[in-house]
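Have a look at the structure below before the remarks.
Within every chain, numbering begins at 1; the chains are lettered A, B, ... in the order of the sequence lines, protein sequences first and strands thereafter. In what follows, every heavy atom counts, from backbone to side chain, and hydrogens, waters and symmetry copies are set aside.
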Number of protein chains: 2
Amino acid sequence: MNPPSKPERTRLTAEDWEHGALEMIAEEGVGALAIEALARRLNVTKGSFYWHFRNREALLQAALQRWENNDETEVLAKIEPIADPRQRLRAMFDFVARELPSHRIYAALLMALDHPAVQTLMARVSERRMDFLAAAYREAGLDAAQAQHRSRLTYASYVGFMQINMTLGLPRLSHEEFDAYVDHVTETLVP
Amino acid sequence: MNPPSKPERTRLTAEDWEHGALEMIAEEGVGALAIEALARRLNVTKGSFYWHFRNREALLQAALQRWENNDETEVLAKIEPIADPRQRLRAMFDFVARELPSHRIYAALLMALDHPAVQTLMARVSERRMDFLAAAYREAGLDAAQAQHRSRLTYASYVGFMQINMTLGLPRLSHEEFDAYVDHVTETLVP
DNA sequence: ACCTGAACACCGTTCAAGT
DNA sequence: ACCTGAACACCGTTCAAGT
């Protein structure tokens, strides 16, 4: 939908602002999303922002909604059809290591859970991911209660690993260490 | 003569500001720590803040340092001497369920990892907790590499569980569900 | 339909002046 | 040694006026 226009065009749509917001979030986190800085980036004055959105919160929500609809469902579409839970768990962890924009946003959102709008979104995302993990564990032979617990543990270990791995100052895993760790997780968690 | 109806004393120390900061963080999160609001709470003007601290960042760091020195080491002192790793893991998870101020701060910090000062602190905290988990797993018979992986997985599941459990909109576990979950985690992770 | 530019409120920060 | 009160900068928000 991007018209082949000059980079310094000054006529924008709400979608342009949302894309810009997601870029800022991916690069510098949710806290760095500022209307004035974003307006500078888009070569307009901050006043024009308010023709498109009621306020900063509305932009954040619209941007997060766009991310959930596009990137997030795209990721799920890739992982969900994997029938074997061992392969599925590995696919989830593998995604963490990749530097795709979608994961940078996911990581940024995990670090900004003190924003109510982020919490609401992440509640949906977490529930969805745990649900299909639980389904996989049932296919793999666990009963309903065990599958529920195991999916919670799996998703928690996934979220927690991202937190640990993305915390500055903590040594990041090498490629070999990461593979060995994922092997260990798979052997420990997958029946 | 003393004016009798003045509500609180108006002579403060740096420590008073740090305690007030930790209260605000526990109640409303790191993002809600504002000098003006805190000054109102302490019945002084915001100008006086700058006699005690260079800026907001310095207050945040001093408050976090105080938390690490007091509450955090206190928690560790309770958990660290538990020899049996099964009991130790359970103790860690049990702490999550309690509503002590220290845990509210720990949870608030987990939700504000986009602040560099918080990241630096949490890197230390994570490393310390993983180190003594790894020691416990070695005592329990795992080799060094396995103990390292297992401690990472254990701490990740602990951090991730807090995240999931504290996300608004997600159904919180009942007391029975929590116990059953901790049983499941213990059986799955502890050799 | 979208943008500018001036205005205002809020909060972090500075500083001279108070006790 | 600690605080006040006025000032300024920055950013979110509003709005009348521009194209």
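- Listed by first and then second residue, the salt bridge (Lys or Arg N to Asp or Glu O under 4.0 Å) pairs involving residues 105-126 of chain A are A:E68-A:R124 (not counting sequence neighbours).
- Rounded to an integer number of Å, the gap from CG of A:L42 to P of C:dT4 is 11 Å.
- For B:A145, the side chain to side chain contact (heavy atoms under 4.5 Å, CB included) partners are B:D143, not counting sequence neighbours.
- Under 4.0 angstrom from either OP1 or OP2 of C:dA1 there lies no side-chain N or O belonging to A:H52.
- Distance check, rounded to the nearest 0.5 Å: CZ of B:F49 to CG of B:L38 gives 8.0 Å.
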Quiz prompt | Summary of protein contacts for nucleotides 5-19 of chain D, nucleotide by nucleotide, where a base hit scores B, a sugar-phosphate-only hit scores S (4.0 Å, heavy atoms) | solution = B-----BBBBB----
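- For the salt bridge (charged side-chain N to carboxylate O under 4.0 Å, His left out) test, residues two or more places apart in sequence or in another chain that qualify with B:D183 are B:R90.
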Quiz item: Dot-bracket, DNA chain C: Watson-Crick or G-U, under 3.5 angstrom, [ ] crossing, | other strand?
Solution: ||.|||||...|||||.||
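- For residues 73-86 of chain B, the set of pairs meeting the salt bridge (Lys or Arg N to Asp or Glu O under 4.0 Å) definition, not counting sequence neighbours, comprises B:E74-B:K78.
- Applying the side chain to side chain contact (heavy atoms under 4.5 Å, CB included) rule to B:Q148 yields the partners B:R152; only residues at least two apart in sequence or on another chain are considered.
- Residues satisfying the salt bridge (charged side-chain N to carboxylate O under 4.0 Å, His left out) criterion with B:E27, sequence neighbours excluded, are B:R41.
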Please set out all donor-acceptor pairs under 3.5 angstrom arising from side-chain atoms of residues 184-191 of chain A, sequence neighbours excluded.
| from | atom 1 | to | atom 2 | distance (Å) |
| --- | --- | --- | --- | --- |
| A:H184 | NE2 | B:R150 | NE | 2.9 |
| A:T186 | OG1 | A:V182 | O | 2.6 |
| A:T188 | OG1 | A:H184 | O | 2.7 |

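- The interatomic distance linking A:D16 (CG) with C:dC3 (C1') rounds to 14 Å, in whole Å.
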